[in-house]
Amino acid sequence: MAGQSKSRAGDIRLWRNARLATMAEGSAGLGIVEHGAVASRDGRIVYAGPESELPPTLAQGVETIDCEGRWITPGLIDCHTHLVHAGNRANEFEMRLAGSTYEEVARAGGGIVSSVKSLRAASEDELVTQSLPRLDALIAEGVTTVEIKSGYGLDLENEKKSLRAARQLGEQRPVTIRTTFLGAHALPPEAKGDKDAFIDLVANEILPSVAAEGLADAVDGFCEGIAFSPEQMARVFDAAKAAGLPVKLHADQLSNLHGAELAARYGALSADHLEYTDEAGAVAMAKAGTVATILPGAYYFIRETKKPPIGLFRQHGVKMAVATDNNPGTSPLTSLLLTLNMAATLFGLTVDECLAGVTREAARALGLLGETGTLEVGKSADLAIWDIERPAELVYRMGFNPLHARIWRGQ
Ligand code: DI6
Ligand code: FE
């Protein structure tokens with residue numbers, strides 16, 4: 001089994017003859033170091049910079065890997081996924097291609113509720129088994145940290161089962177998993193249309209119990225006409241605050257309910273989607289330091305036409321992360337590299353913004369910037385080594401994986 005325990009105390013490893021994109025805050029662009037080296041001790045970065053300035057103690061008698069001029073970036077981070085789910089909704093996809101509307105699909109038993117049924121019917125171990133191939137697809141592209149949300153259980157037992165399955169994934173693979181409780185994702189059938197009563201259940205019973213067991217690192221919600229109102233989300237956020245958990249929000253994806261401002265008011269780590277966010281929302285996020293998580297996979301898959309206001313985010317200094325939103329309904333996407341191409345092609349993000357979006361800014365969106373997301377001393381030695389000539393290739397290609405090696409916590 002993979003784990004931190006694998007690294008032996010005092011182990012120093014050195015990756016030399018590399019080109020680094022450190023992504024360090026404040027450095028220009030990607031923080032490029034030509035002729036660079038990275039050293040790790042006990043899974044932590046102890047040096048990242050020009051090879052010529054490497055302290056001699058880190059250069060001799062240590063395990064050395066010659067990178068032969070390859071590029072090293074921080075290990076990639078997918079900061080928004082619903083990766084733990086059961087079954088899939090390819091049948092709905094076919095129905096929509098044949099001309100059915102979303103409503104017809106829902107009446108035929110489709111939509112989020114069909115994923116809830118499948119998840120409730122699966123055991124925790126079955127969930128792990130079904131989710132592993134998706135996680136492995138991300139890992140194969142150099143991903144070293146993945147956020148995973150609940151939200152297809154929608155009752156105490158099944159939300160906990162999802163979060164435990166997510167934690168199990170982190171024990172079965174060399175990857176950091178951050179779990180997010182998304183109880184306020186959709187209304188389960190047994191709530192019989194009573195959203196307020198369901199929000200009471202989420203805020204007063206499920207969330208405190210999930211928090212008490214330490215199953216969630218953050219709390220999320222779906223603030224939308226077809227889901228929950230800003231007032232209802234605020235009640236969930238108050239409960240999160242009481243439990244000491246940071247919040248994030250699916251905001252302004254299909255309409256502008258001012259979810260971005262709500263998220264900012266609660267000091268959210270991130271607000272996600274944001275297609276319909278307006279300038280007031282962008283200003284509020286900038287003030288609060290709330291990261292804008294851009295999810296081009298869902299935009300593409302549902303054939304949305306309203307783009308998130310990237311220009312406003314730039315103008316007001318809102319940091320942008322990029323993620324897959326892997327989920328069975330609106331983004332069955334397990335390639336973070338393809339997501340980068342989509343963010344650039346569909347939304348006009350630059351190469352630098354794309355790469356920051358799956359490293360430094362994704363770490364910030366998870367509250368993990370002190371731990372990972374850049375090549376800097378003190379952080380976890382999470383690295384991706386690429387067979388590329390220039391970083392733009394990571395964004396430019398579609399469906400090609402140039403990963404040479406992946407290092408998680410120095411291994
Ligand atoms: N926004 C989405 O796009 C997904 N959830 C959310 O909050 C949809 C999830 C699904 O259809 O299963
Ligand atoms: Fe999502």
Side-chain angles (χ1 to χ4, degrees), residues 78-93 95-96 101-103 105-106 108-120 130-131 134 146-154 158-159 162 166 178-188 195 202 218-230 232-233 236 247-255 257 259 262-263 268-277 291-304 306 308 321-334 336 339 342 362 365-366:
D78 193 349
C79 69
H80 179 140
T81 86
H82 310 248
L83 185 135
V84 167
H85 55 261
N88 65 63
R89 308 224 297 266
N91 60 324
E92 294 178 22
F93 181 61
M95 286 172 74
R96 282 202 294 127
T101 64
Y102 190 77
E103 224 185 359
V105 169
I112 292 185
V113 169
S114 79
S115 292
V116 172
K117 271 194 202 133
S118 309
L119 184 131
R120 287 179 175 181
Q130 288 197 35
S131 302
R134 292 187 282 272
V146 180
E147 184 258 17
I148 300 177
K149 303 173 195 296
S150 65
Y152 292 115
L154 304 182
N158 288 293
E159 285 293 295
S162 308
R178 298 296 278 187
T179 57
T180 301
F181 171 64
L182 176 57
H185 189 199
L187 201 59
K195 290 187 182 178
V202 168
V219 171
D220 195 349
F222 190 15
C223 185
E224 194 57 66
I226 58 166
F228 300 102
S229 70
Q232 288 163 337
M233 277 319 310
V236 175
V247 300
K248 33 184 61 233
L249 189 65
H250 285 70
D252 310 334
Q253 180 188 7
L254 308 168
S255 62
L257 294 186
L262 172 72
L269 288 171
S270 70
D272 304 37
H273 288 289
L274 304 171
E275 277 80 347
Y276 287 82
T277 297
V291 175
T293 300
I294 305 300
L295 304 169
Y299 170 93
Y300 166 86
F301 196 77
I302 66 174
R303 288 188 266 175
E304 175 61 64
K306 178 101 166 68
V322 177
T324 62
D325 194 17
N326 174 264
N327 78 71
T330 63
S331 190
L333 172 61
T334 48
L336 196 52
T339 307
M342 288 178 168
L366 296 177

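Ligands are counted one by one from 1 in listed order, and the atoms in each one are counted from 1 as well. Quick note: numbers below take in every heavy atom, side chains included, and nothing from hydrogens, waters or symmetry partners.
From the protein, the heavy atom lying nearest to atom 1 (N) of ligand 1 is Gln253 OE1, 3.1 Å. Looking only at heavy atoms of the protein, atom 5 (N) of ligand 1 is closest to His185 NE2, 2.8 Å. Nearest protein heavy-atom neighbour of atom 4 (C) of ligand 1: Thr330 OG1, 3.6 Å.
Looking only at side-chain heavy atoms (C-beta outward), Leu269 and Leu366 stay at 4.5 Å or farther from each other.
Side-chain contact of Ser255 with Asp252: a donor-acceptor pair under 3.5 Å is absent, judged by distance alone. Under 3.5 Å, the side chains of His80 and His273 contain no donor-acceptor pair of N or O atoms.
Ligand 1 does not have His85 within reach: every non-hydrogen atom of the residue lies 4.0 Å or more from it. Residue Arg89 places a heavy atom under 4.0 Å from ligand 1.
For ligand 1, the polar-atom distance check against Tyr152 finds a nitrogen or oxygen pair separated by under 3.5 Å. For a threshold of 3.5 Å applied to N or O pairs, the pair formed by Ser115 and ligand 1 contains no separation below that value.
In summary, Asp272 places no N/O/S atom under 2.8 Å from the Fe ion (ligand 2), failing the contact criterion. Put simply, His250 gets within reach of the Fe ion (ligand 2), with an N, O or S atom under 2.8 Å from it.
The cationic atom of Lys149 (NZ for Lys, CZ for Arg) does not lie both less than 6.0 Å from the six-membered ring centre of Phe181 and within 45° of the ring axis.
Here His80 contributes NE2 and His82 contributes NE2, and at the Fe ion (ligand 2) these two atoms make an angle of 100°, given to 10°.
Of all the N, O or S atoms in Asp325, the one closest to the Fe ion (ligand 2) is OD1.
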Yes or no on side chain to side chain contact (heavy atoms under 4.5 Å, CB included) for Val247 and Met233, after CA distance, side-chain angles and deciding distance? CA-CA 10 Å; Val247 300; Met233 277 319 310; over 6 Å; no
Could you go through the side chain to side chain contact (heavy atoms under 4.5 Å, CB included) check for Thr180 and Ser150 one step at a time? CA-CA 6 Å; Thr180 301; Ser150 65; over 6 Å; no
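Atom numbering of ligand 1 starts at 1 in the shown order; those under 4.0 Å from a heavy atom of His250 are 1 (N), 6 (C), 7 (O).
No donor-acceptor pair closer than 3.5 Å links the side chain of Gln253 to the backbone N or O of Glu275.
One finds no salt bridge joining Lys248 and Asp220 here, because no Lys/Arg side-chain nitrogen approaches an Asp/Glu carboxylate oxygen to under 4.0 Å.
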